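Before any comments, here is the structure.
None of the values given here were measured: they were computed from a predicted structure. Here is how names work: the chains are called A, B, and so on, in the same order as the sequence lines, proteins then strands, and each is numbered from 1.
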Amino acid sequence: MDLTYPPEAEEFRERVQRFLADSLPEGWTGLGALPPDDQAEFQRNWRQRLLDNELLGVTVPAEYGGAGLTLVEQAVLTEEFVRVGVSVLPHPNDNFGFNLLVPTLLQYGTEKQKAFFLPRTLSGEIRWAQGYSEPDAGSDLFNLRTRATVSGGDLVINGQKIWQTAGLTANWLFTMVRTDPGAERAKGLSFVLVPLDQPGVELRGIRNITGVTELAEVFLTDAVTSLDNVLGGLGNGARVALTLLGFERGISGVANAEAFAIELRRLVQLAHARGRSADRDIRLRIAHCQVKVHTLRCVALRALSAGLRGGPPGPESSLTKALTAEYHQLVTELAVEVLGMAALAPTGPGAYDTLKAQPLGLDSASSAAWVEDYLNARSRTIYGGSSEIQRNTIAEQILGMPREPRPAAAR
Amino acid sequence: MDLTYPPEAEEFRERVQRFLADSLPEGWTGLGALPPDDQAEFQRNWRQRLLDNELLGVTVPAEYGGAGLTLVEQAVLTEEFVRVGVSVLPHPNDNFGFNLLVPTLLQYGTEKQKAFFLPRTLSGEIRWAQGYSEPDAGSDLFNLRTRATVSGGDLVINGQKIWQTAGLTANWLFTMVRTDPGAERAKGLSFVLVPLDQPGVELRGIRNITGVTELAEVFLTDAVTSLDNVLGGLGNGARVALTLLGFERGISGVANAEAFAIELRRLVQLAHARGRSADRDIRLRIAHCQVKVHTLRCVALRALSAGLRGGPPGPESSLTKALTAEYHQLVTELAVEVLGMAALAPTGPGAYDTLKAQPLGLDSASSAAWVEDYLNARSRTIYGGSSEIQRNTIAEQILGMPREPRPAAAR
Amino acid sequence: MHFDLSTEQRDLQASVRAFLAKESPTEAARELPETEQGYDPALWSRMADDLGLHALAVPEEHGGIGASFVELVVVLEEMGRQLVPSPFFSSAVLATRALLRSGDVDAMSRLLPGLAEGTTIGTLALTEDDGSWDLDAVRLAAEPDGNGWALTGAKAFVPDGQSAGLVLVVARSAAGLCLFAVDGDAPGLSRSALPVLDGTRRLARLEFDRTPAVLVGADGAAGPGLRRALEDAAVALGAEQIGAAQRCLDMAVGYAGTRVAFGRPIGSFQAIKHKCADMVLDIESGRSAVWQAAWSVSVDGNDVPLAAAAVQAHCSEAYVRAAQQNIQIHGGIGFTWEHDAHLYLKRALSSRELLGAPDQHLLRIADQMGL
Amino acid sequence: MHFDLSTEQRDLQASVRAFLAKESPTEAARELPETEQGYDPALWSRMADDLGLHALAVPEEHGGIGASFVELVVVLEEMGRQLVPSPFFSSAVLATRALLRSGDVDAMSRLLPGLAEGTTIGTLALTEDDGSWDLDAVRLAAEPDGNGWALTGAKAFVPDGQSAGLVLVVARSAAGLCLFAVDGDAPGLSRSALPVLDGTRRLARLEFDRTPAVLVGADGAAGPGLRRALEDAAVALGAEQIGAAQRCLDMAVGYAGTRVAFGRPIGSFQAIKHKCADMVLDIESGRSAVWQAAWSVSVDGNDVPLAAAAVQAHCSEAYVRAAQQNIQIHGGIGFTWEHDAHLYLKRALSSRELLGAPDQHLLRIADQMGL
């Protein structure tokens, strides 16, 4: 048992701290403190600065233009960035590229695929969206209708994908399609990379619960991608997708815990401001949140440590996913209760991030941000595998409990 | 909308109050205040006094030796009795006789059955136990293995029943047996009344979670009962049993709410004594219990009012059952938390009742009673249809949600 | 004993339900908040003229129909179910009950007919910038001014405060808590609409600068009447909440019966089924408590303080839970702007805080329990 | 970074598990509480002599093995899993850590070897009749008496206080909080066993009447060391709780896999499955937190106050929930005296209160958060 980072990681931490000190303006108090109108430009410049300093997508190997660092260095960088309130992945599509697709590419990609996609993902030339869900396949991940047929060196794709976060700013989609219509469910699926900028693709925005067009749906009508853009080979899509879901669920735990701790400090300030900090029930509930964040951090650190020793993520990622999603509902519900009537007439800057806790610097009195966080948190137990599905996975794959019996044919 | 009792019920209430004033000793503060050693004798005498005054089993028609009163008068009597801390049904087996079997007998019994069983249930000559469950059929009520074959004018029964509360003091069992082995599940069952005092019957005690032998199991080996003791006719057992479960769940709601209110006053005293009454979280949690008791009383009153207008109880009884069971877990958990370390070294008189709140008069400082109540409450979400089964019933029968599909044959 | 709606009450329920389903479809709850007024004046008039809803629980001597509080509660459950964006609660409940409980027969004769006819929209201005519904927290100052009074200070979070023609203002004079009638257009009154989470319930901030006001009831004696009016309103709001929660349940059950996953309707999975059963437990408990409390209000029962607080403590949470679970059961689609589910959630949040959050009601109950 | 047990720690875990499964079957947890001593002295000696468990985390200079706190935690998780009725926690955790954290090298040299060998059973007497684990609540009076000290007053709920040969008593002198070593047979000390809910953890009431006592550490300076010792104990208790919760989960999963209802193993129903998954979430969170805290204790980390309080706040509730759900999943059989489920529930309740209920730990965290 040793929870310290190795010396080389601590050296890297110092480098990161120096970089941050050199890069951030005087009096910097976090992205959350920037006027909302200035945030987009700051993020563009910040991404470029990261790229210039080899601090974007640091685990991409050097031969593909990355820094070739390890998971532990990535964790250190993330910690330091979250602590001072700057983004590790400044563009909305970077999350899907670097946290989901890049590790999958590194595991399943051919040399040619890696050489093509990795540098372009780094440069921002390719901006990824995910395409797991279809209108009739949400939780039932492999019940896909989108089909692709081989035509010469291409795949021709027809169908619909939905719930693309940041879909409208993406120009490539990674998705699963059915390439063998005769095979059952998970068999006969392939994982493909599809350019969105082509006549066969139509993107439509979807407004979310706060009225923001943050999501999209993709209509594929004879959309074309090269057979070279199949990842892991035709018919192996389910395996690739499951690995990818594992990455999604495992990797961001430590950073989440750090961001949650910052959010909780903001809640403490709010409780003081609203005159609730002496109420024993509120004290207990906020401390309970702190316990949750602490245990979440411990679980995530354990996963990180396991990840350092190699091997693809397993069903344990369902733990982090469920804990994180449900925690964020808990804490934002509490915040809305602490706001009281003030929640009904939201003021102040709104949420910067929709899928995670707000960056350092946000005014704790901004009721608009708390309310948006509460509303956005409703989706956390739904997307990326609902809390119900996570519990099925935990019960069946970790505990080995019996699966639901197959229904008999209708009578 | 009119929630007042009718004038004749209020007249009856006065009669009950006079009876109580005449019958209870000077300075009476409730059964809970009697020294535990005196309780059994008090209950024996009390039962006799009720019988002598036609206040036992008041809804039994006059022609069978009862008072022939209505449900509303029974409710009034129950309220008044609970309020002063005396039992409506003083013998442990009376609950099963009067709350479960008597209404079923009145609905399904033949004239001969009623004439035989009702007076003897009143007198206490016959003491009933229920026999729903078998070792392999708990929640799955109709998955019964106990079989009965017709032999002359008799049924010969073989099998095992389990979880008979107060089974060791009973001398008759009402139970379901399979009389048609070819029929599937709920079909082919019959509801029979079986004398326990015969060679084919063996009763064994089961110690419960507190170490008390409160339960029993019944082994039936060529046990015999007359065909005249089938209720509702051969093969109609499932229908009779479902009606009976409805009675069990609906009838005692108002009395429960009254008893819960008394219990909650005891908890308030405990909170004061333990120095917790100023803690905002404890105040909120106790008040939350009060809200639960209040709403439970409203639900029960609505059920009572519906019952007055006739008709057998429906699936709504699942509401009362689940609410009551879960409330009693909630409040006893809270009490144990308020006790703190004192819960670990229980002192004072223990619980008098195992299936409901303790009678008026119990010392609030008796940690033994609170701890036993907590432990006994664990069974409330299990017996008589678990909370999970109640929710299935509510979803399927009240909301009409789709049933679990039948599993396909194993492959 | 008849703990159920009467045949006439069922008829009222059915006719209001049919009317609102036709005249105020849930698109209205999505579109009207985008308009300047925030409600549909034509519908408002028809509710008053055709159905007499505003007048329902107002005594006949003050221009009302003289039905009991139970009838009002029946109507509010339907409005909650249909999410009608309307100042009905502010006018026919808050303002009307504040007047009725004031004991000031003169003020009632003057002001109730307009509210009952729907020609005047009324509201109650109680909360100030701290958002507290506790009468002890009221600070707005009332001072004698010639023959009348003048108010100075601010009220915040006033429901429909922007559109009300009659604002009943809770203020503090040298003698204590008072209720005042203030004209919506009175000099020295400036009103600003607040940005709202729940567009179906408009809120405003009202600033008073020596604003002329007419005292309702006796100087310094408004406390007891206001407390009773707030209890009445708590029961009425509970009815709205239960109606809306029921609609959430209906939506969830409907969706779960048709949406198929893993070869089965998702409603056949226990995870979904038990969530819906929990909603039934919440809603049936709440409806029973609302009806009981409404009846108790109608007969001036002793238990109204407990019953009303219990209704709010229970129904506020029940509705929020139902609205949240409805979204969860719907999955992705339930999280979109286009689906109605979020409208019900936002209304659930606004209803939970209105008249005081559940903990405020619970603490009141704790006081009553001798804690 | 290696956030996992080492190979050696896994070996220790396996050997302790195998030993206890054989030597302390759960029947022991049912039968030993009925005996006068309440534990098995032969097993106690074998745990000390054959496995060296008592000596494990005691430094070598005081007769111990000198392993880290993590090893101790590994052992305690196994004891919790197997529900071993034994004064191990009192002696090897409470008493041992109180001495180790006292800073009094003399006392350590004198007293630790006996505890490490298992020839002395030790305990810590802190709580008094109000049951508070708050050091500020300690009232027992210490007065100088000749060359030594005399104690007067009472301690309650002292774990294994009846059988301990060495009682470390927290008392208050004129200078402040002190720790004293008192012989179990000291004159003026009368001990009475209390009736207990959880038979696997004996409690006693101790009355002191000018009982001679030896000061450990400096007069009035025991507070900081005791706080640290209690933090250590909180982590160790968390390990016990997680081990026991894991056993509850194992029992529930095992039963649900074989019990058939409605033609299916009940473990295939989501209602059961999701309960078990909730237990996994609780337990894996708890185990991660316990290991993190144990490591932090072993390196004297700054975050021990938070980590230890978090362990108790989380693991206490996690174990109670697991024990309750285990009974629910077992149905009727889980409610019987003959089944082990209730033993785990009673232990869960006693563990929750030991060292302070969760709310006490949460309030401590709130203080640390600046609330």
Side-chain angles (χ1 to χ4, degrees), chain A residues 133 135-143 162-163 185 205-215 217 274-276 279 281-282 329 333 336-347 367-368 371-372 374-383 386-389 391-392 403-404 406-407 410, chain C residues 127-133 156-157 159 193-199 201-205 259-264 266 268-272 275 320 323-324 326-339 341-343 345-346 349-354 356-360 362-363:
Chain A
S133 294
D136 287 320
S139 294
D140 191 358
L141 191 63
F142 296 132
N143 182 33
I162 194 166
W163 312 128
R185 287 181 58 82
I206 301 176
R207 280 197 292 176
N208 73 8
I209 194 170
T210 64
V212 174
T213 306
E214 174 219 2
L215 301 160
E217 52 191 330
R274 303 282 318 162
R276 302 298 305 270
D279 290 347
D281 55 317
I282 296 294
Q329 293 188 345
E333 282 167 29
V336 168
E337 285 187 52
V338 170
L339 278 171
M341 285 297 286
L344 306 197
T347 56
S367 53
V371 168
E372 282 179 47
Y374 166 85
L375 292 171
N376 283 324
R378 305 319 312 167
S379 74
R380 294 189 76 140
T381 51
I382 296 170
Y383 72 74
S386 69
S387 274
E388 290 80 13
I389 295 290
R391 281 175 172 69
N392 283 352
R403 304 178 71 89
E404 293 271 350
R406 233 186 145 72
Chain C
T127 47
E128 303 184 357
D129 286 327
D130 65 356
S132 171
W133 286 88
F157 312 109
L194 297 172
V196 284
L197 164 65
D198 166 23
R201 180 123 57 206
R202 293 288 179 102
L203 299 173
R205 190 162 188 283
R259 171 81 179 178
V260 171
F262 306 101
R264 306 162 46 174
I266 62 170
S268 70
F269 286 103
Q270 283 186 332
I272 304 297
K275 280 190 176 69
V320 171
Q324 289 180 341
N326 184 38
I327 290 178
Q328 182 70 21
I329 290 169
H330 273 81
I333 194 80
F335 183 68
T336 61
W337 186 258
E338 273 62 37
H339 196 277
H342 73 93
L343 301 172
L345 176 61
K346 291 168 183 173
L349 293 178
S350 93
S351 302
R352 181 175 66 186
E353 298 300 328
L354 196 70
D359 61 348
Q360 295 306 315
L362 289 173
L363 291 177

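Contact annotation for Leu345(C): only side-chain heavy atoms (C-beta onward) come within less than 4.5 Å of a heavy atom of chain A. Looking at Ala368(A), neither its backbone nor its side chain comes within 4.5 Å of chain C, counting heavy atoms on both sides. Looking at Leu203(C), only its side chain comes within 4.5 Å of chain A, counting heavy atoms on both sides. Heavy-atom distances place no part of Phe142(A) under 4.5 Å from chain C, backbone and side chain included. With a 4.5 Å cut-off on non-hydrogen atoms, Asp279(A) does not touch chain C at all. Only the side chain of Ile206(A) comes within contact range of chain C, with heavy atoms under 4.5 Å apart. Only the side chain of Arg352(C) comes within contact range of chain A, judged by heavy atoms closer than 4.5 Å. At a 4.5 Å heavy-atom cutoff, the contact between Ala345(A) and chain C is made by backbone and side-chain atoms alike. Residue contact with chain C, scored on non-hydrogen atoms closer than 4.5 Å, is absent for Arg391(A). At a 4.5 Å heavy-atom cutoff, the contact between Thr210(A) and chain C is made by backbone atoms alone. Contacts between Ala271(C) and chain A at a heavy-atom distance below 4.5 Å involve the side chain alone, from C-beta outward. With a threshold of 4.5 angstrom between heavy atoms, Arg259(C) approaches chain A through side-chain atoms but not through N, CA, C or O. Neither the backbone nor the side chain of Asn143(A) comes within contact range of chain C; no heavy atoms are under 4.5 Å apart. Proximity to chain C is absent for every atom of Asn392(A), based on heavy atoms less than 4.5 angstrom apart. Interface residue Leu375(A): backbone and side-chain heavy atoms are both found under 4.5 Å from chain C.
Checking Thr381(A) against Gln328(C) by side-chain atom types alone, a donor-acceptor pair falls below 3.5 Å.
Between Pro346(A) and Pro195(C), the shortest heavy-atom distance links the atoms O-CG, 3.4 Å. Scanning all heavy atoms of the two residues, the minimum distance from Val320(C) to Tyr374(A) falls at CG1-OH, 4.3 Å. Heavy atoms only, all atoms of each residue included: Leu197(C) and Val371(A) are closest at CD1-CG1, 3.5 Å.
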### Task
Please report the C-alpha distance between Phe262(C) and Ile389(A) in whole Å, then the side-chain angles of each, then the deciding distance to 0.1 Å, and finally whether the side-chain contact (heavy atoms from CB on, under 4.5 Å) criterion is met.
CA-CA 11 Å; Phe262(C) 306 101; Ile389(A) 295 290; 3.9 Å; yes

### Query
Which is it for Leu344(A) and Leu194(C) under the side-chain contact (heavy atoms from CB on, under 4.5 Å) test, yes or no, and what are the steps along the way?
CA-CA 9 Å; Leu344(A) 306 197; Leu194(C) 297 172; over 6 Å; no

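Of all the listed residues (Ile333(C), Thr127(C), Leu343(C)), the one sharing the greatest number of non-hydrogen pairs under 4.5 Å with chain A is Ile333(C). If you tally non-hydrogen atom pairs under 4.5 Å between each of Asp359(C), Ile266(C), Thr336(C) and chain A, the highest count goes to Thr336(C). The candidate with the highest count of non-hydrogen atom pairs below 4.5 Å against chain A, out of Asp198(C), Leu354(C), Val196(C), is Val196(C).
Between the side chain of Glu388(A) and the main chain of Ile272(C), no donor-acceptor pair closer than 3.5 Å is present.
Taking CG of Asp130(C) as the start and CE of Met341(A) as the end, the distance is 10.0 Å to the nearest 0.5 Å. Interatomic distance, CD of Glu338(C) versus CG of Asn208(A), reported as 10.0 Å (0.5 Å rounding). Atoms CZ and CZ, on Phe335(C) and Arg380(A) in that order, are 10.5 Å from each other to the nearest 0.5 Å. Going from atom CZ of Arg378(A) over to atom CD of Gln324(C) covers 3.5 Å, rounded to the nearest 0.5 Å.
Qualifying ring-ring contact (aromatic ring centres under 6.0 Å, His included) partners for His339(C), counting only residues two or more places apart in sequence or in other chains: His330(C).
Residues Asp140(A) and Val260(C) are not in side-chain contact: their nearest non-hydrogen atoms beyond the backbone lie 4.5 Å or more apart.
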